[in-house]
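These notes concern the structure reproduced below.
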Amino acid sequence: MSGHSPATRALAIRTGSWLAPEARPNARRLARLAFGVIALACSLAPVDALAGRHARSQKPAHPPSVRHLPYPQLEFPFQINGGQYAPLAWSEIAGWSEDDHLAAYKAFRVSCRPISAQRTPPADPKALGTSLHDPCQIARGLELSDGLKAKAFFEEHFLPLRISRLGEGEGFVTGYYEPIVDGSRTENEVYKVPVYRRPSNLFVRGTTQSSAGLPNKGQVFRKIGRRKLVPYYDRAEIEDGAIAGRGLEICWLKEQTDLLFSQIQGSARVSLDDGSTLRINYDAHNGYPYTAVGRILIERNIIPKDQMSMQKIREWMEQNPNEADELRRQNKSYVFFREVQLSDKDEAVGAQGVPLTPGRSIAVDKSLHVYGTPFFIEGELPIESELSKMPFRRLMIAQDTGSAIVGPARADLYFGAGLEAGKVAGRLRHNARFVILVPKNLDPVARGRKMPVPDARPSETIAKLFPQADPLKNPSGEQKGAAKPPEVTTAATNIRPAAQAAPPTTAAVPSRAPAVQAAVAKPVPLPEPRPKVEEAVSAKPHQGQLRRYRHRQ
């Protein structure tokens with residue numbers, strides 16, 4: 001019979017001690033010591049509990065708040081993505097007092113029409129949001145005819161902020177205009193370049209065919225059947241007849257160059273061969289990013305950068321028709337138009353839906369700015385001629401946008417319609433300083449006083465001794481490429497420990513000195529390392545100890 005006896009439980013079977021006979025007295029000694037520690041802890045438990053209750057009763061009513069790294073994201077009082085700003089006084093704006101504020105005020109009131117008409121303005125994530133509603137309500141009730149009163153209006157209801165791209169001091173301005181081109185309602189030998197309206201198979205997510213004007217950025221698809229979406233035709237495919245013969249032609253022009261410049265400007269006046277005028281405006285695009293043909297001519301060393309203008313581009317294309325076709329197709333973007341009911345005396349309509357004012361309307365980045373925002377632009381621009389620059393200091397109103405207008409301090413200045421306006425607009429590619437006028441209810445200085453102040457910055461020595469790492473980016477707490485910080489008692493206070501022994505060998509010093517020099521601002525003398533002492537470790541107890549164990553038994 002094998003196994004445990006039926007009369008004895010398996011767990012009660014005694015197999016003897018695992019300790020050697022000579023180690024048993026030591027085990028009994030350790031057991032007595034453990035029982036003593038437990039008894040002492042039990043006797044002190046009531047005292048510890050009483051001390052804990054006393055400490056809790058003495059806890060301050062308002063404990064100090066501790067801000068842990070990384071700090072929480074705080075909402076800034078006024079924030080434009082990728083931009084920086086600084087408050088100004090009106091007297092610090094060069095040319096502010098000399099400007100024609102009445103002309104700017106009239107353009108501002110035009111922008112106030114759609115702003116004031118909104119009964120429940122939608123929430124706008126941009127920095128200005130819906131703050132223009134209040135000054136527009138006041139302007140709609142003021143029929144001003146005096147420049148000084150118009151100047152007082154802006155100073156009373158707005159605050160000036162110098163604005164630019166982050167890390168830069170100036171912005172950038174270009175010019176645009178409304179071309180006047182010849183055309184015909186019917187195709188013939190002279191007029192053979194079609195101007196297309198928006199195709200029915202052009203699809204943009206979130207829009208319908210009834211939408212009046214599609215975004216000038218983002219993805220655009222060609223709808224095949226009910227579900228299949230593919231990229232839309234590019235410029236070369238459309239010029240080769242991809243959508244021809246579908247009844248999309250609004251009119252016909254003489255040259256592809258006329259169509260290209262009309263697409264770049266976003267609108268045009270077509271002088272028809274029957275004596276009437278047709279007005280066309282931007283309606284949609286094919287989804288490809290805009291490529292500036294002027295930049296390509298500069299990169300190919302065909303036209304110098306300092307001589308680049310729209311007139312130079314047109315002249316080169318007329319002189320080189322074959323090369324012009326290849327150059328034009330480098331810009332895959334293609335614009336579709338819609339016919340608008342405007343007379344010859346009416347100005348072009350901007351993206352805000354209001355008529356533009358020559359010399360006072362600008363196109364801005366609509367992802368950052370709100371239509372109707374006043375901007376004071378200051379710079380030296382070649383307005384009179386290409387060779388001479390003159391001071392340009394003018395208050396202008398944001399009423400339009402463009403796919404190439406990107407950034408917080410970027411504007412396209414509108415100069416009107418016709419050949420002369422085109423000459424002025426074509427030679428503008430210059431830096432300028434921007435001042436944005438912010439409604440007073442968004443005063444960033446007043447809001448900034450309520451913003452928490454960051455913790456005090458540590459000294460340069462302490463910051464280098466203890467480099468910080470972002471816990472979210474580096475959960476392990478280790479900083480790549482950073483030297484390991486030395487001990488505070490040795491490196492920071494330069495105190496030598498008492499337990500140190502003989503001086504280090506020559507091979508030990510170079511291994512630690514470079515790390516410390518990279519961690520502190522100035523070289524700090526290091527303490528001498530401790531010598532390595534070989535400790536004899538025996539696997540078995542000493543014979544004398546065994547004899548003492550036997551004696552105690």
Side-chain angles (χ1 to χ4, degrees), residues 178-274 276-291 293 317 321 324-342 348-349 351 402-403:
E178 187 179 19
I180 300 178
V181 296
D182 296 331
S184 174
R185 285 282 189 181
T186 58
E187 183 182 10
N188 52 52
E189 295 180 356
V190 178
Y191 302 102
K192 51 189 176 182
V193 178
V195 177
Y196 290 118
R197 62 173 51 90
R198 187 202 314 174
S200 59
N201 63 346
L202 187 145
F203 177 76
V204 178
R205 288 189 174 93
T207 63
T208 61
Q209 282 296 321
S210 60
S211 301
L214 300 184
N216 58 0
K217 298 179 183 178
Q219 291 183 320
V220 177
F221 301 96
R222 178 165 54 94
K223 202 170 185 179
I224 301 177
R226 292 185 177 182
R227 296 183 179 180
K228 189 174 181 181
L229 297 177
V230 297
Y232 208 81
Y233 302 115
D234 62 11
R235 175 177 292 275
E237 293 172 320
I238 295 175
E239 289 185 359
D240 290 340
I243 60 176
R246 296 174 51 187
L248 300 175
E249 295 83 2
I250 300 176
C251 61
W252 280 262
L253 307 181
K254 286 183 178 180
E255 303 291 342
Q256 287 284 358
T257 306
D258 293 336
L259 176 61
L260 174 65
F261 279 88
S262 299
Q263 292 175 329
I264 293 175
Q265 304 306 316
S267 64
R269 301 186 184 192
V270 183
S271 297
L272 300 176
D273 52 2
D274 59 2
S276 61
T277 301
L278 173 66
R279 305 291 294 275
I280 55 176
N281 263 30
Y282 170 92
D283 191 38
H285 77 122
N286 64 339
Y288 291 88
Y290 170 75
T291 302
V293 294
M317 286 186 169
D325 290 341
E326 183 272 334
L327 174 66
R328 190 177 58 254
R329 294 185 177 208
Q330 295 298 316
N331 176 29
K332 295 184 178 182
S333 177
Y334 196 92
V335 170
F336 302 100
F337 291 94
R338 71 177 185 270
E339 185 177 352
V340 293
Q341 301 300 322
L342 295 175
V349 176
S403 59

N/O donor-acceptor pair under 3.5 Å between [X] side chain and [Y] backbone:
X: D273; Y: S184; answer: no
X: R235; Y: N331; answer: yes
X: N281; Y: E339; answer: no
X: Q263; Y: V335; answer: yes
X: R197; Y: G247; answer: yes

Which distance, rounded to the nearest 0.5 Å, do you find between the [atom1] of [X] and the [atom2] of [Y]?
X: D258; Y: I180; atom1: CG; atom2: CD1; result: 12.0 Å
X: I264; Y: S333; atom1: CD1; atom2: OG; result: 9.5 Å
X: S403; Y: Y290; atom1: OG; atom2: OH; result: 7.5 Å
X: R279; Y: F337; atom1: CZ; atom2: CZ; result: 12.5 Å
X: E178; Y: S267; atom1: CD; atom2: OG; result: 4.0 Å
X: L278; Y: S271; atom1: CG; atom2: OG; result: 9.5 Å

Legend entry - Check against side chain to side chain contact (heavy atoms under 4.5 Å, CB included), L202 and R222: CA-CA 5 Å; L202 187 145; R222 178 165 54 94; over 6 Å; no
Could you check if a side-chain atom of [X] sits within less than 4.5 angstrom of a side-chain atom of [Y], using non-hydrogen atoms only?
X: P289; Y: K332; answer: no
X: F221; Y: V230; answer: no
X: L248; Y: Y196; answer: yes
X: Y288; Y: P231; answer: yes
X: L253; Y: V270; answer: yes
X: V349; Y: L342; answer: yes
X: V181; Y: S262; answer: yes

Inset, instruction - Assign the ring pair F336 / Y232 to parallel, tilted or perpendicular, where the plane angle (0 to 90°) is split at 30° and 60°. - result: perpendicular
Inset, instruction - Could you tell me which residues satisfy side chain to side chain contact (heavy atoms under 4.5 Å, CB included) with Q256, sequence neighbours excluded, listed by chain and number? - result: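 Side chain to side chain contact (heavy atoms under 4.5 Å, CB included) list for Q256, sorted by chain: V193, E239, L259, R328.
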Legend entry - Qualifying residues under side chain to side chain contact (heavy atoms under 4.5 Å, CB included), relative to D274, sequence neighbours excluded: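 Expected list: L272, S276.
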Inset, instruction - Report the C-alpha distance between F203 and L229 in whole Å, list the side-chain angles of each, state the deciding distance to 0.1 Å, and finish with yes or no for side chain to side chain contact (heavy atoms under 4.5 Å, CB included). - result: CA-CA 8 Å; F203 177 76; L229 297 177; 3.8 Å; yes
Inset, instruction - Would you please test V220 and H285 for side chain to side chain contact (heavy atoms under 4.5 Å, CB included) and show each step? - result: CA-CA 8 Å; V220 177; H285 77 122; 3.7 Å; yes
Legend entry - Residue pair E249 / A244: nearest heavy atoms and the distance that separates them: OE2-CA, 4.2 Å
Inset, instruction - Please report the closest heavy-atom contact between E326 and Q330, naming both atoms and the distance. - result: OE2-NE2, 2.8 Å
Legend entry - Test applied, side chain to side chain contact (heavy atoms under 4.5 Å, CB included); reference residue, Y233; option that passes from N286, D240, I238: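 Exactly one candidate clears the test, I238.
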Legend entry - Intermediate values then yes/no, side chain to side chain contact (heavy atoms under 4.5 Å, CB included), N201 and I224: CA-CA 7 Å; N201 63 346; I224 301 177; over 6 Å; no
Legend entry - Test: R338 cationic atom under 6.0 Å from Y282 six-membered ring centre, within 45° of axis: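 Cation-pi check for R338 and Y282: fails.
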